[in-house]
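Numbered from 1 within each chain, the chains take letters A, B, ... in sequence-line order. This one's a predicted model, so the numbers in the text were calculated from it and none came from an experiment.
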Number of protein chains: 2
Amino acid sequence: MKKLTIKDIANHFSVSISTVSKALNDSYEISKSTKQKIQEYAKVHNYKPNFNALSLKKRKTKTIGVIIPNMLNYFFAQVFKGVEKEANKNGYKVITCISNESFDKEVETIEMLSNGSIDGFLLSIAEETELKNNFTHLTKTIEHALPIVMFDRVAQGVDCDKVITNDSEGAVNAVAHLAKTGCKHIAFISTQSHLKSGQERELGYIEGLKKEKMQVNPNLVIHILEEDYKQYERILLPYFEENKIDSVITTDESSAIAAMKIVQSKGHHVPKDFSVISFSNGIIARHSSPKLTTVSQHGEIMGETATKMLIDKIEKKQGYEEIKTKIIKTDLVFRNSTKI
Amino acid sequence: MKKLTIKDIANHFSVSISTVSKALNDSYEISKSTKQKIQEYAKVHNYKPNFNALSLKKRKTKTIGVIIPNMLNYFFAQVFKGVEKEANKNGYKVITCISNESFDKEVETIEMLSNGSIDGFLLSIAEETELKNNFTHLTKTIEHALPIVMFDRVAQGVDCDKVITNDSEGAVNAVAHLAKTGCKHIAFISTQSHLKSGQERELGYIEGLKKEKMQVNPNLVIHILEEDYKQYERILLPYFEENKIDSVITTDESSAIAAMKIVQSKGHHVPKDFSVISFSNGIIARHSSPKLTTVSQHGEIMGETATKMLIDKIEKKQGYEEIKTKIIKTDLVFRNSTKI
DNA sequence: ATGAAAGCGCTAACAT
DNA sequence: ATGTTAGCGCTTTCAT
């Protein structure tokens, strides 16, 4: 069964294709009766204007491209959920690509989609791109009039809209809560010291300590590598043996769990003897014993926000020419790894 | 900066557009020298053929549509990873939609994409669709010559390629391992008794018991609702108090964790006194104490397989006319919630 | 070896 | 109120 075109309808009623086109678009030029019969016929036969013809003509595709570093990351999956929802709400499709944290894949993807496939990009830069600090592929596409909105992992130097979370504030709040509940020796474990957001969290930790008039002990700032996730406990153990630590803030869930297991294995009780707060997306945090108190990022809202910004830019809504950065706040979600 | 078109290139060299087109496609009709200078110029100026013009002309888009029930589900995220990878490898883009387990969203999505946007569908049906047992939206799109490949959650009645996992076999293997390691009273906890795959797992559990010449005790087959996930422990507790249970197979990770917490809170040791095997995608399983032994599904391979099947069908590769169902086997991944 | 022209499905300016 | 025509960017058949 071939797809129905405007031409077929025109033939069927022995009218011109422009009459049909106008009728379907409810033009005032066409008589009520013709409009009715044509619209009726189109509906019954399930006519749908050809997407590519429309896009070619109108020079816009009503689709956006999203580049996500890693969909297995729950946070990014949440962001994507928000993107898809907001895009659909506005009648946009979304082409999704995973960069796998690879610079090359990111560049290739942008190349692939920079041929009129999409009206704009949403992206969170790959780890490798962040390290390389090479953003020419991004500046180039912006020059070519394809708008970009970056989310979460953002390239400061690139001139475009951005949506980020307030990582440092999240850490400050975490420190404040620990201090309030009597913790004196707060450690910080980072698996992301190579990333901007990881550095922000660390800065927030320091700032938080200062605010609480607590001393910053460099021995309590622990940097480990994400790729070593299978040996977190082994790697962390010495830190806990050589220092007096009564609480920890971690940049990720896995190291929070590892820290907790270490102190538990020494017979300590969480949260009575030891408190834990983790930056987190929540999935693992809700299944540990005890459940983790977290600095929670609102991925879905971030996705919605970024998408809205991009669509506003594409459709040149009021104020679209300003370049904005929006900040999504974090929430401290109290579970059972901290005292009240 | 406007995008370069074939016309611009033609003007620049004062040749016709068809010459340019042929030159860019390396046609034998064009002289070596002209080809060279045109290709060179195109490369330098980063010419890219307009996607919509090409699609319109060629009547294919090199893009596939994927409908996923829920991207926050780690398994589906894994499938998606495989899809994206395989699609890209073959030069396809992927438009991704989330049905959110909703029948209506699924239908709308299919409507939205059935206008020449894509060359074929990949989908896992929404829970609601599975319950409604209404697949006319699917049969209709197949009739309209848009191929569909279903994965994981599959509509048996619909005539199309499918990729599924062997759920029942996974359960049989789980029972076998528990039996081998001395378990006598194996319970089964299902949060998915309304879904085909949940039923298959239960069937496999029964079959496994019979193979091991063990008695089937209906009291040990426990059905709970996924929406009650916050109260699994409360709901499950009575079963553990009223029955002699020394091991459990669960259809999901959360209830496995809940079961484990219950027995641990009674002072029992996992796996010494109690064994647990969970159907699982792995993320939570690797963070519990002890880590869970799982029946692991290979989501990424499933995604790759389904995508390859769809592309073969779209491109009418050898044998594309047969309708096939491929089965991805499960693996029993031994961690620490079972004995050896 | 190169070019003219038709056409993919649609919109819209311009007749009639 | 309806029709003709050009054109979106490209491929391809058919001249030349």
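In the interface, the side chain of Thr5(A) is not paired with the base of dG9(C) through any donor and acceptor atom under 3.5 Å apart. If you check distances only, the side chain of Lys57(A) never reaches the base of dG9(C) with a donor-acceptor pair under 3.5 Å. Evaluation of atom-type donor-acceptor distances gives a pair under 3.5 Å for the side chain of Ser18(B) against the base of dA4(C).
For Val15(A), the listed nucleotide lying nearest its side chain is dG3(D); candidates were dC10(C), dG3(D), dC8(D). Nearest to the side chain of Glu29(A), among dG3(D), dT11(C), dT2(D), sits dT2(D). Of the candidates dA12(C), dT2(D), dT11(D), dT2(D) carries the atom nearest the Thr34(A) side chain, counting heavy atoms from C-beta on. Taking only side-chain atoms of Asn50(A), from C-beta outward, the nucleotide of dC10(C), dT11(C), dG3(C) with the closest atom is dC10(C).
Note on Ser31(B): only backbone sugar-phosphate atoms sit closer than 4.0 angstrom, heavy atoms only; bases stay farther off. Residue Phe51(A) is out of contact with every strand shown, counting any heavy-atom pair closer than 4.0 Å.
Using a 3.5 Å distance cut-off with no hydrogens or angles, the side chains of Glu315(A) and Asn90(A) do not pair a donor with an acceptor. With 3.5 Å as the limit, one finds a donor-acceptor pair spanning the side chains of Thr34(B) and Ser31(B). Ser117(B) and Asn115(B) form a side-chain donor-acceptor contact under 3.5 Å, judged by distance and modelled atom types alone.
Between Asn25(A) and dT11(C), a side-chain N or O to OP1/OP2 separation shorter than 4.0 Å is present.
Summary of the strand contacts: Tyr47(A) and Thr19(B) both lie near DNA chain C, and taking for each the nucleotide with the nearest heavy atom, the more 5' one is attributed to Thr19(B). Mapping Ile6(A) and Lys22(A) onto DNA chain C via the closest heavy atom, the residue that lands nearer the 5' end is Ile6(A).
A 4.5 Å side-chain heavy-atom check between Ile64(B) and Ile314(B) finds at least one atom pair inside the cut-off.
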